[in-house]
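Everything below concerns the one structure shown next.
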Amino acid sequence: MSLGKRPPYHDDNMDEHSQPSPKKAEIIISDETVDSNPPRGCDNSSHSEPSSACALAFPPLATPHGHISIDISAKIACDVISEFLAAHPKDPRLRLYVVDQDERAVEAFLENWPPDRDARFSVVLGKITEMRSRSRMTCSILVNEATWRLKPGATPVSVQIQTDGGKAMWDETRRLYPNPGAVGNAYPVPLPVTSPLRQRERVRHIIHVIPPNMNPARPDPVPLQKARLLLRKAYTAMLEAYWRIVGEEADRGKGEGDRDGQEVKDVDGKDENRKMVQGDATKENEQRKNGEPKSLFDILMSSSAACAAESTSPPPVHRSEDRHAWIDMLMPYCEHPEQFTSDQMVWYDEAMVVVRDKFPKAQAHFLVMPRRPIDGLTSLTQKDVPTLEALINCGGSTVDKMKAENPHLEFRMGFHAIPSMRQLHMHVISQDFVGIGLKRKEHYNSFTTRFFNDASEVLARLRAGKSLQYDKREYDHFLKGPLRCHLCNEAPATMPALKAHLDKHARKMRVIIC
DNA sequence: GTTCTAGAAC
DNA sequence: GTTCTAGAAC
């Protein structure tokens with residue numbers, strides 16, 4: 001083993017170069033080695049753990065898959081865990097394990113969390129999906145390192161959990177949450193009783209956590225500073241979800257005792273189990289709906305400088321057809337604006353929200369929306385004139401605010417003829433078109449041809465009782481047309497050429513400072 | 001809406 | 001061999 005200084009978990013049976021043998025004990029905790037057939041009974045008794053219902057096992061997040069150094073990840077994780085445990089100093093239910101098969105990862109955590117610190121957190125060398133079967137350490141809650149796509153097999157840990165969690169776990173995830181998910185959020189899922197991971201390992205919950213990505217080969221890499229913040233947010237969201245589950249398990253235990261063994265055996269008792277699983281999800285949604293403070297930890301974290309104004313709750317559930325879930329992706333902003341960070345949610349009141357476009361097509365790109373559901377321009381009638389006026393006012397204020405910051409920015413406000421998202425949304429977009437979301441010809445053409453309808457014109461049409469119906473075939477034609485610079489009429493042949501061209505304009509106009 | 005990717009274009 | 005697009009998949 002290449003561990004340098006001999007760490008406390010060193011196994012004398014392994015020489016300097018050998019890998020742990022798959023046939024013998026492989027799960028090694030920072031303060032002791034656990035035999036695969038321990039003589040000391042079952043579950044976690046060997047770790048003075050009073051309740052196996054509340055143990056959490058998680059992998060180091062974002063490394064190496066997200067190209068974030070294990071040292072950074074370990075440091076942030078230990079900071080967040082330290083605050084979490086300090087907020088619950090005497091809660092014996094809490095038990096956390098970071099689990100990795102890589103010795104270097106284990107070592108990084110041990111450097112930040114030596115075994116003499118709070119014993120409720122331990123470092124484990126092993127496989128996260130084999131905690132019970134290999135060592136009889138029951139961890140009823142596992143963390144899956146997911147990507148924003150919230151789909152199976154996206155990361156190495158996800159592959160392990162996917163294999164053993166089974167299709168039912170992903171079906172349940174899709175049922176509960178909109179896809180895609182958001183970086184920094186946690187998505188807890190009660191594990192269906194049919195899942196092999198539940199039957200074999202007694203895992204009751206999976207928490208999908210989406211850490212940031214710095215890997216340039218993967219979509220949307222972020223710079224280190226942002227990655228640090230998002231990673232802290234992800235670990236915090238993970239613990240927040242964990243804390244909620246601990247509370248729920250305690251409530252469940254009060255009434256019913258630990259029925260896990262029975263549930264695993266009674267796979268055929270489907271009705272009762274299904275009721276319990278749905279109950280968990282319903283309760284969580286109920287808590288979100290009521291805006292209840294979730295815990296002391298939530299309050300502490302929400303007031304901390306690094307996470308100020310950043311809610312770690314996942315966006316609320318808005319169910320629609322799975323295949324087209326994205327068309328309702330704007331609804332969570334309208335239904336629960338308070339759950340978004342100040343980066344995402346610019347402003348809101350009872351009737352209106354202003355959000356930053358998630359994939360900005362220009363230096364400044366916002367969406368202004370009514371909070372009540374309105375299915376696009378086509379559903380507007382003359383009765384909605386005040387709504388449209390309010391949207392335009394709101395957009396105007398946003399423009400004023402932006403121009404105060406950079407007077408060189410020019411804006412247009414308007415609507416796409418054929419929007420992709422269902423909820424009525426007005427674009428407020430600066431006219432530089434230098435934005436990380438501008439990738440395809442259709443993106444550019446959707447804002448620079450007749451496909452884009454100025455808000456003032458739309459309002460005039462609505463006031464005059466004229467139709468706001470747009471023929472899809474006619475307007476799609478504008479998207480397919482040739483690229484032509486909206487400022488100088490030049491016609492770059494490709495998108496990369498156009499982007500380089502627009503970048504020059506933007507620099508001349510001093511829209512881009514650096 | 002976005003990402004992924006085969007194959008066209010260079 | 002690399003860049004880029006466009007359609008499929010999500």
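Reminder, nothing fancy here: chain letters follow the sequence lines and each chain counts from 1.
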Taking [atom1] from [X] and [atom2] from [N], how many angstroms apart are they, rounded to a whole number?
X: Met421(A); N: dG1(B); atom1: CE; atom2: P; result: 7 Å
X: Lys499(A); N: dT3(C); atom1: NZ; atom2: P; result: 16 Å
X: Asn445(A); N: dG1(B); atom1: CG; atom2: P; result: 13 Å
X: Leu438(A); N: dG1(B); atom1: CG; atom2: C1'; result: 14 Å
X: Asp357(A); N: dT2(B); atom1: CG; atom2: P; result: 8 Å
X: Lys439(A); N: dG7(C); atom1: NZ; atom2: P; result: 19 Å
X: Ile327(A); N: dT2(B); atom1: CD1; atom2: P; result: 15 Å
X: Leu479(A); N: dT5(C); atom1: CG; atom2: P; result: 15 Å

Does Lys441(A) put a side-chain nitrogen or oxygen below 4.0 Å from OP1 or OP2 of dG7(C)?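 No.
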
Would you tell me if any nitrogen or oxygen in the side chain of His443(A) comes within less than 4.0 Å of OP1 or OP2 on dG1(B)?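 Answer is no, no contact under 4.0 Å.
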
What about Arg440(A): does its side chain form a donor-acceptor pair under 3.5 Å with the base of dG1(B)?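 Flag unset: no donor-acceptor pair detected.
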
Parallel, tilted or perpendicular: ring planes of [X] versus [Y], cut at 30 and 60 degrees:
X: His505(A); Y: His501(A); value: perpendicular
X: Tyr242(A); Y: Phe84(A); value: tilted
X: Phe447(A); Y: His427(A); value: perpendicular

Sugar-phosphate, base or nothing in reach of His425(A), heavy atoms under 4.0 Å: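 The answer is nothing, as His425(A) stays clear of every strand by at least 4.0 Å.
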
Determine whether Asn453(A) and Tyr470(A) make a side-chain contact, defined as any pair of heavy atoms from C-beta on separated by less than 4.5 Å.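 Yes; the side chains approach each other to less than 4.5 Å.
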
